[in-house]
Amino acid sequence: MRKPDQTDPVRPLHDRLQLHFDRSWQEEWEARLDKNGPWDDWTLYQLAYEAERASLVSSFDELQCLAHLGQLKPMGHQIDTARKVLHEMRGRAILADEVGLGKTIEAGLILKEYMVRGLVRKALILVPASLVLQWVRELNQKFGIPAAAQKKEYMWRQCDVIVASIDTAKRDPHRDIVMGMEYDMLIVDEAHKLKNKKTTNYKFINELRKKYCLLLTATPIQNDLGELYNLITLLKPGQLGGQGSFQSNFVVDKRIPKNEDQLQQELSKVMIRNRRGDGGISFTKRHVNNFLLTLSPEEQKLYDGVTNFVKGRYEESQGQLSSILSLVTLQREVCSSRDAVFVSLVNLFKKTAEDSPLRPRIWELVEMIRGIEANTKGEKVIELIGDIKEKVIIFTEYRASQEYLLNFLKSHGLTAVPYRGGMNRGKKDWMMDLFRNRAQVLVATEAGGEGINLQFCNHIVNFDLPWNPMRVEQRIGRVHRLGQEKDVHIYNLSTKGTIEEHILSLLHEKINMFELVIGELDVILERMGKKATLESDLLKVLLESGNDDEIRLKLDDIGRSFRGAMEEADEQAAPLKKVMDRMADKTQKKAGSRS
């Protein structure tokens with residue numbers, strides 16, 4: 001098309017336009033007609049056709065993401081949950097399944113479905129710091145979602161799906177960046193920690209700009225109906241009316257609800273709760289085997305020497321726990337391996353002033369180690385592995401004991417691989433692949449108790465027992481979880497006449513934690529407020545008791561208080577649990593009618 005003719009500006013523009021038609025395509029078209037083609041490249045046509053077909057939503061009611069999950073096979077209750085969030089809750093929901101039923105899988109399904117449908121591109125996932133890498137790994141491997149763990153400031157803007165801890169996200173300089181973003185979906189794990197609307201965490205989440213939102217918690221109601229109101233208001237403001245209206249309509253006392261039918265109906269609009277007993281959801285059994293081993297005379301002599309040294313230093317510090325914590329570790333290391341306590345004693349010797357009277361006492365203990373040739377626990381491990389004849393995970397608390405075990409197992413012709421903190425993600429994944437496909441034994445330090453799933457193995461040896469019951473539960477949870485098809489066997493090694501014997505007695509007999517339902521311990525300690533104090537309580541008992549009988553009496557008291565608090569918490573939670581169970585019953589009936 002040429003420029004308008006300017007010679008006669010009075011004439012209309014369309015009369016002054018001079019048109020030129022490009023006919024160059026016509027010759028090529030006629031040539032193809034004569035030869036009956038080629039009309040197009042067949043491969044490109046097929047690719048274009050498949051791409052178009054893949055983008056079509058064949059049925060709005062069915063989950064499109066199921067065709068894009070590869071090896072993951074979600075369970076029925078997880079698929080039902082994703083459907084309900086999609087169709088009934090419009091992408092805003094509290095996922096309140098009992099512990100261990102796969103809330104992470106449900107959240108991944110929902111996120112993937114919204115991404116496949118083109119409704120979500122930018123997503124923020126806030127989880128406890130210890131779970132960041134686990135979330136990233138599961139989203140990448142199971143769902144094909146390109147999630148990234150937040151490490152650098154620029155990643156907030158650059159990464160479409162980012163996983164971070166809430167503590168990182170809410171502090172400067174990250175806070176302003178995150179607040180300035182608009183997220184298609186926000187996912188918050190362990191959302192019960194947002195129950196108090198006066199906290200900075202609650203206010204931070206409330207101010208984030210998000211279209212869809214998922215809150216994950218196994219305990220949406222712990223002690224107070226007000227906590228539930230805060231969570232739901234965070235998710236859907238106004239769903240339960242104002243605070244005063246909620247109190248007058250649904251609350252008799254902070255733990256006792258009224259108008260339960262109406263409350264349950266309102267909860268079912270924003271919350272989904274699946275239970276272990278619903279729809280065939282079940283866990284395999286735990287079988288616990290405790291082995292109380294007698295130390296060799298040389299090992300016992302070293303243990304007694306270290307114990308006297310530690311108690312002496314505690315008395316000199318006038319009962320200051322903070323000044324003695326590192327020394328108590330020496331006792332536990334003796335029970336593990338001579339290698340572990342040797343490293344600690346040598347480091348302690350180097351740090352002690354040359355003119356200190358402690359140096360000769362420390363060196364005397366180092367000299368005792370030279371006379372120890374055998375490892376009582378190590379020999380028991382060889383015996384156990386020979387009897388099991390399947391894959392085994394051995395947990396130890398100490399890096400030196402891990403190295404000892406790897407060499408000891410190798411000397412007995414057993415293939416073993418390590419897993420520990422400090423390994424980068426690639427090496428950890430490599431160790432998992434080796435264990436799954438080649439090695440019989442995985443020797444893990446405490447880093448192996450978090451963030452990995454090992455359902456293909458069902459035998460755990462606790463070479464050392466942590467004092468914190470939660471860390472024992474984390475270890476067991478690596479294999480005893482949804483998807484485990486075999487019963488789980490737990491072998492606890494402890495040494496007679498040492499602090500290990502007392503710790504095993506507390507965990508097994510007085511708390512009965514090995515038989516607890518998976519995840520139940522976390523809820524109990526949360527209610528008791530004991531997460532931070534239990535280890536220090538045990539430490540004081542062991543250091544301030546005059547003999548073993550006194551230790552046993554004090555541990556009995558701890559066990560009784562634990563059971564009493566658990567029963568009291570259950571009694572207090574009963575009215576609230578009733579509402580939750582009725583809601584879960586209704587959900588289960590709906591799922592049954594759909595199937």
Side-chain angles (χ1 to χ4, degrees), residues 74-86 88-111 125-128 131 185-196 202 205 212-236 239-240 246 250 255 257 260 263-279 281 283 481-482 517-520 522-524 526-527 569-570 572-591:
M75 299 191 71
H77 73 278
Q78 295 165 343
I79 294 174
D80 286 337
T81 295
R83 282 201 191 103
K84 186 170 183 180
V85 172
L86 180 70
E88 301 178 28
M89 299 182 172
R90 302 295 185 264
R92 283 181 169 253
I94 298 174
L95 306 184
D97 291 0
E98 289 183 342
V99 175
L101 295 186
K103 290 184 290 294
T104 305
I105 298 296
E106 292 169 354
L109 279 174
I110 296 164
L111 175 59
I125 303 164
L126 298 176
V127 305
L131 299 180
M185 181 172 283
L186 170 68
I187 299 174
V188 183
D189 197 6
E190 295 200 11
H192 53 271
K193 295 179 180 178
L194 304 173
K195 60 192 176 184
N196 186 347
Y202 186 97
I205 297 298
Y212 306 114
C213 183
L214 301 176
L215 303 179
L216 281 58
T217 172
T219 54
I221 311 174
Q222 288 181 296
N223 300 306
D224 191 339
L225 279 164
E227 300 169 358
L228 180 64
Y229 175 84
N230 292 338
L231 272 186
I232 293 178
T233 301
L234 187 64
L235 188 72
K236 286 188 176 181
Q239 179 69 32
L240 297 175
F246 174 75
F250 299 115
R255 296 189 185 95
E260 294 180 11
L263 177 58
Q264 173 262 315
Q265 187 176 359
E266 292 299 322
L267 292 182
S268 64
K269 296 176 182 177
V270 292
M271 186 187 299
I272 302 174
R273 183 170 179 82
N274 295 298
R275 298 166 301 182
R276 293 180 186 85
D278 296 337
I281 304 170
F283 288 84
R481 57 195 303 112
L482 206 61
V517 175
I518 183 171
E520 190 175 356
D522 193 17
V523 176
I524 295 168
E526 186 86 36
R527 286 172 174 168
D570 287 343
Q572 291 174 348
L576 306 177
K577 186 175 182 296
K578 180 181 177 183
V579 175
M580 298 286 291
D581 285 345
R582 290 177 66 181
M583 186 189 68
D585 287 336
K586 185 175 180 181
T587 301
Q588 184 62 24
K589 287 177 183 177
K590 281 189 176 181

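Count residues from 1 along the sequence. Bear in mind the structure is a predicted one, so any value in this text is a computation, not a measurement.
Between Val85 and Ala93, the closest heavy-atom pair is CG2-CB, 3.8 Å. Here the closest heavy-atom approach between residue Thr217 and residue His192 is recorded as OG1-ND1, 2.9 Å. Across every non-hydrogen atom of Pro128 and Glu190, the tightest pair is CG-CD, 3.6 Å. Closest of all the heavy-atom pairs between Ala191 and Leu215 is CB-CB, 3.7 Å. Summarising the geometry of Thr81 relative to Glu106, their closest heavy-atom pair is OG1-OE2, 3.5 Å, with the distance given to 0.1 Å.
Looking only at side-chain heavy atoms (C-beta outward), Asn230 and Lys195 stay at 4.5 Å or farther from each other. Residues Leu231 and Met271 fail the side-chain proximity criterion, which asks for heavy atoms closer than 4.5 Å. Asp80 places none of its side-chain heavy atoms less than 4.5 Å from the side chain of Asn274. Here the side chains of Met185 and Ile110 are in contact, with some heavy-atom distance below 4.5 Å.
Between Met89 atom CE and Ile94 atom CD1 the span is 9.0 Å, to the nearest 0.5 Å. Between the CG atom of Leu126 and the CG atom of Leu186 there is a distance of 5.5 Å, given to the nearest 0.5 Å. Rounding to the nearest 0.5 angstrom, the gap separating the CD atom in Glu227 from the NZ atom in Lys193 is 14.0 Å. Of the inter-residue distances, the one linking Ile125 atom CD1 with Thr104 atom OG1 reads 10.0 Å to the nearest 0.5 angstrom. The CD1 atom of Ile272 sits 12.0 Å away from atom CD of Gln78, with the distance rounded to the nearest 0.5 Å.
Partner Phe246 forms a side-chain contact (heavy atoms from CB on, under 4.5 Å) with one of Leu228, Thr233, Ile232, Leu263 and no other, that one being Leu263.
His77 contributes a side-chain N or O that, together with a main-chain N or O of Leu101, makes up a donor-acceptor pair within less than 3.5 Å.
Taking Ala107 as the reference, Leu95, Trp135, Ile187, Leu214, Leu216 meet the side chain to side chain contact (heavy atoms under 4.5 Å, CB included) condition, with sequence neighbours excluded. The side chain to side chain donor-acceptor pair (under 3.5 Å) test applied to Lys269 returns Glu266, not counting sequence neighbours. Partners of Tyr202 under the ring pair (Phe, Tyr, Trp, His ring centres under 6.0 Å) rule, at least two apart in sequence or in another chain, do not exist in this structure.
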